[in-house]
Every structure is written in structure tokens, then in C-alpha cells.
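Computed over heavy atoms, backbone and side chain alike; hydrogens, waters and symmetry mates excluded.
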2 protein chains.
Amino acid sequence: MSTQLDMAFAALADPTRRAILAMLLEDDMAVTDVAEPFDMSLAAISKHLTILTKAKLITQEKRGRVKWCKIDPSALREASVWMQGFGQFEPVNLDAFERFLEQELHPDAP
Amino acid sequence: MSTQLDMAFAALADPTRRAILAMLLEDDMAVTDVAEPFDMSLAAISKHLTILTKAKLITQEKRGRVKWCKIDPSALREASVWMQGFGQFEPVNLDAFERFLEQELHPDAP
DNA sequence: ACCATCGTCAACCATTTGGTTGAATATGGC
DNA sequence: GCCATATTCAACCAAATGGTTGACGATGGT
């Protein structure tokens, strides 16, 4: 039972996957094009993209024979909300964070 | 060669470690007290705390025979800066993020 | 119809991860 | 000095991770 947050942070822990996200931030890309700059097999990149997709950090849509990858900020938003409670940078979204923290501490509460 | 960012995200990927951080957010704690609510050996918690320490998410200071654990937001700040570039929540610290992204894309540039 | 291209699947491998247990090492109290 | 408490160490284990290779299914171009 791995939560969305587990998957998001685990996905972000790998430098290859962060680099992929950085590339996709500039533009949507096909799998082959994502793989091109890396010194790694296409299959390996395909696995990384699957991990990013399951973590909801990207979405993939097949059009014709090419599969387009694009950033999906939904899980990142969740993770960022979780983090911002610790940082004391800017007190943004603190209400959402507190609800989230409360749920993490007491998962059985309503 | 694992970067600080790798370690921070990897540390955050584990729900036990996130729960520990949430506990430490309320107050500094000794290792034994951190371990108490978990259904897990003390040695396991000790390992988790080592991981959090190496990731610079907490600091540990031994006073007498008890080792006190406290939140250290430094690595979280770095990770949060990295993330905020993707989320488009609030445009905070975007300059820092762009420098960071640039370095991740082109590590050899000055 | 054929062939090249796009991407995944399956099997395998080495390493890391998250946990266990039991012994070992401080340190503090009496 | 002795005992309890606090924490880590070491050896081990199962499962997950990140990579490889080669075969395979789909799709598009000619």
C-alpha cells in the first residue's frame, strides 16, 4: 500500500527522473526524444516514464505510434503542500498543509 | 555519488520518516521517544534517523546518554525550491529555482 | 506487402532498502 | 562497582530498484 505521496517523493529521488521532468517542463516530448540525451537504454527510460506516470508527475498519451509525455503538476502540488509546512519559507497554503498533516498523524479520524 | 537532493527526496519517500518529521515538528525528541509510537524495533528507527540526518532533514545532538533529534529545514528548503518550479502554485523563489534548474540541465557551465 | 520506427515486455542481474535479532558500547543513578 | 537505560553495530534476510539484453506488437511510409 504505497501512497501517492510515497510515489511522488520516490520518483523525485532519482536524478534521471528529475532531469526528465526538467526537460518536459520546456516542452512535451515523445519517449524516444526523452531518451535521446541519456546514456541509457530506451527500455530504462521507458521504465522511468512509467514510474513518473504512476506517481502522477507526468501523463502519457499515445497518438499514432508515438507516445507523448507531458508534465502533470497534480502530485507535485500535493507533495509541495506537505513540504511547505516544514520549511518556513513562505507561509503559503498552510491550512491545506495542516489538514494533510492531521490526516497523516491520525488516519482514522473523520 | 548521491546528491543532497537525491537524499532529501529519498528520505521523504518513506511514510515512517515523514511521520517522524511530523512528530519532530511539534517538539525535539530523544531517539527512544521517537521510536515509541511505531510498531518497529528501536534499531530500525535509529536507521531511519540516520537517513534523515544524512539527508540534512534533521540534526542529532547527544547530551548525556540521550541523543536529541530536531528538525533542520536546510535540505527541505533546497528540495522545495526545486519543486516550486513545477507546481505553479505561488511564484516564490523562482530565481533560485531557475539557477538550480540551469545547473541540473548543464552541470558543466560556469 | 514490406520494412523501419516506436515503445513495451520478459527474463535476468547487481545493488540498495527496510526490516529483524543479538551483542556491544556509552552514560547515569545509587 | 553494579545495574538499568539509551543507542548503535553487525550479521542476516526478503523485497524493491535501476539497469541490461533480446524478442515482441503496433503503427506509419512507400
Side-chain angles (χ1 to χ4, degrees), chain A residues 1-24 27-70 75 104, chain B residues 1-24 27-70 75 104:
Chain A
M1 201 183 27
S2 190
T3 73
Q4 206 65 37
L5 206 46
D6 292 353
M7 289 190 289
F9 281 128
L12 290 170
D14 186 281
T16 300
R17 289 191 290 262
R18 287 201 308 278
I20 290 175
L21 287 176
M23 289 166 57
L24 291 180
D27 210 348
D28 299 357
M29 295 177 82
V31 174
T32 307
D33 295 332
V34 169
E36 195 272 329
F38 295 97
D39 188 20
M40 196 181 299
S41 72
L42 180 61
I45 296 294
S46 177
K47 284 189 186 179
H48 280 304
L49 290 169
T50 303
I51 290 171
L52 288 168
T53 302
K54 285 187 179 158
K56 301 209 173 155
L57 295 174
I58 68 172
T59 58
Q60 288 181 292
E61 180 197 358
K62 192 166 179 179
R63 272 206 303 276
R65 67 179 161 180
V66 5
K67 204 168 186 179
W68 292 92
C69 309
K70 78 180 309 180
E104 182 109 338
Chain B
M1 202 182 26
S2 190
T3 74
Q4 205 66 37
L5 206 46
D6 292 353
M7 290 191 289
F9 281 128
L12 291 170
D14 186 281
T16 300
R17 289 192 290 264
R18 286 200 309 276
I20 290 175
L21 287 176
M23 290 165 57
L24 292 179
D27 209 348
D28 299 357
M29 295 177 82
V31 174
T32 307
D33 295 332
V34 169
E36 196 273 329
F38 295 97
D39 187 22
M40 196 181 297
S41 72
L42 182 61
I45 297 294
S46 177
K47 283 189 187 178
H48 280 305
L49 290 170
T50 302
I51 289 171
L52 287 169
T53 302
K54 285 187 180 156
K56 301 209 174 152
L57 295 174
I58 68 171
T59 58
Q60 288 181 294
E61 181 197 357
K62 192 168 180 180
R63 273 205 304 275
R65 65 180 161 179
V66 6
K67 203 167 186 179
W68 292 92
C69 309
K70 76 180 310 178
E104 183 111 336

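Atom-to-atom distance recorded for A:Asp39:CG and A:Thr16:OG1 is 10.5 Å, nearest 0.5 angstrom. Here NE2 of B:His48 is found 5.0 Å from CG of B:Asp14. Values are rounded to the nearest 0.5 Å. Interatomic distance, B:Phe9 CZ to B:Thr3 OG1, rounded to the nearest 0.5 Å: 9.5 Å.
For A:Met7 and D:dA16, the CE to P distance is 14 Å, given to the nearest whole Å. Rounded to an integer number of Å, the gap from B:Met40 CE to D:dT8 P is 15 Å. Rounded to an integer number of Å, the gap from B:Asp14 CG to D:dA16 P is 14 Å. In this structure, A:Asp6 places its CG atom 16 Å from P of C:dT17, rounding to the nearest Å.
Of all nucleotides listed (D:dT21, C:dG18, D:dG18), D:dG18 comes nearest to the side chain of A:His48.
Side-chain contact check for A:Lys54 versus A:Thr50: some heavy-atom pair is nearer than 4.5 Å. Looking at A:Met23 and A:Phe38, their side chains come closer than 4.5 Å, going by heavy atoms from C-beta outward.
Pairing each heavy atom of B:Ala11 with each of B:Leu57, the nearest pair is CB-CD1, 3.7 Å. Shortest non-hydrogen contact noted between A:Arg18 and A:Leu12 is NH1-O, 2.8 Å.
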Could you go through nucleotides 6-11 of chain C and list every protein N or O atom that sits under 3.5 Å from one of its N or O atoms, giving the distance for each pair?
{"unit_1": "C:dC6", "atom_1": "O3'", "unit_2": "A:Arg65", "atom_2": "O", "d": "3.3"}
{"unit_1": "C:dG7", "atom_1": "OP1", "unit_2": "A:Val31", "atom_2": "N", "d": "3.4"}
{"unit_1": "C:dG7", "atom_1": "OP1", "unit_2": "A:Lys67", "atom_2": "N", "d": "2.7"}
{"unit_1": "C:dG7", "atom_1": "OP1", "unit_2": "A:Lys67", "atom_2": "O", "d": "3.4"}
{"unit_1": "C:dG7", "atom_1": "OP2", "unit_2": "A:Thr32", "atom_2": "N", "d": "2.6"}
{"unit_1": "C:dG7", "atom_1": "OP2", "unit_2": "A:Thr32", "atom_2": "OG1", "d": "2.2"}
{"unit_1": "C:dT8", "atom_1": "OP1", "unit_2": "A:Lys67", "atom_2": "NZ", "d": "2.7"}
{"unit_1": "C:dT8", "atom_1": "OP2", "unit_2": "A:Ser46", "atom_2": "OG", "d": "2.2"}
{"unit_1": "C:dT8", "atom_1": "O5'", "unit_2": "A:Ser46", "atom_2": "OG", "d": "3.4"}

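Applying the side-chain contact (heavy atoms from CB on, under 4.5 Å) criterion to B:Val31, with sequence neighbours excluded, gives B:Leu42, B:Leu49, B:Gln60, B:Lys67, B:Cys69.
Each end of the helix from C:dA1-D:dT30 to C:dC30-D:dG1 gets its own rotation axis from five pairs of C1' atoms, and the angle between them is 30° to the nearest 10 degrees.
Put simply, B:Arg63 has no side-chain N or O that comes within less than 4.0 Å of OP1 or OP2 on C:dT27. Taking 4.0 angstrom as the limit, B:Ser41 places a side-chain polar atom (N or O) nearer than this to OP1 or OP2 of C:dT20.
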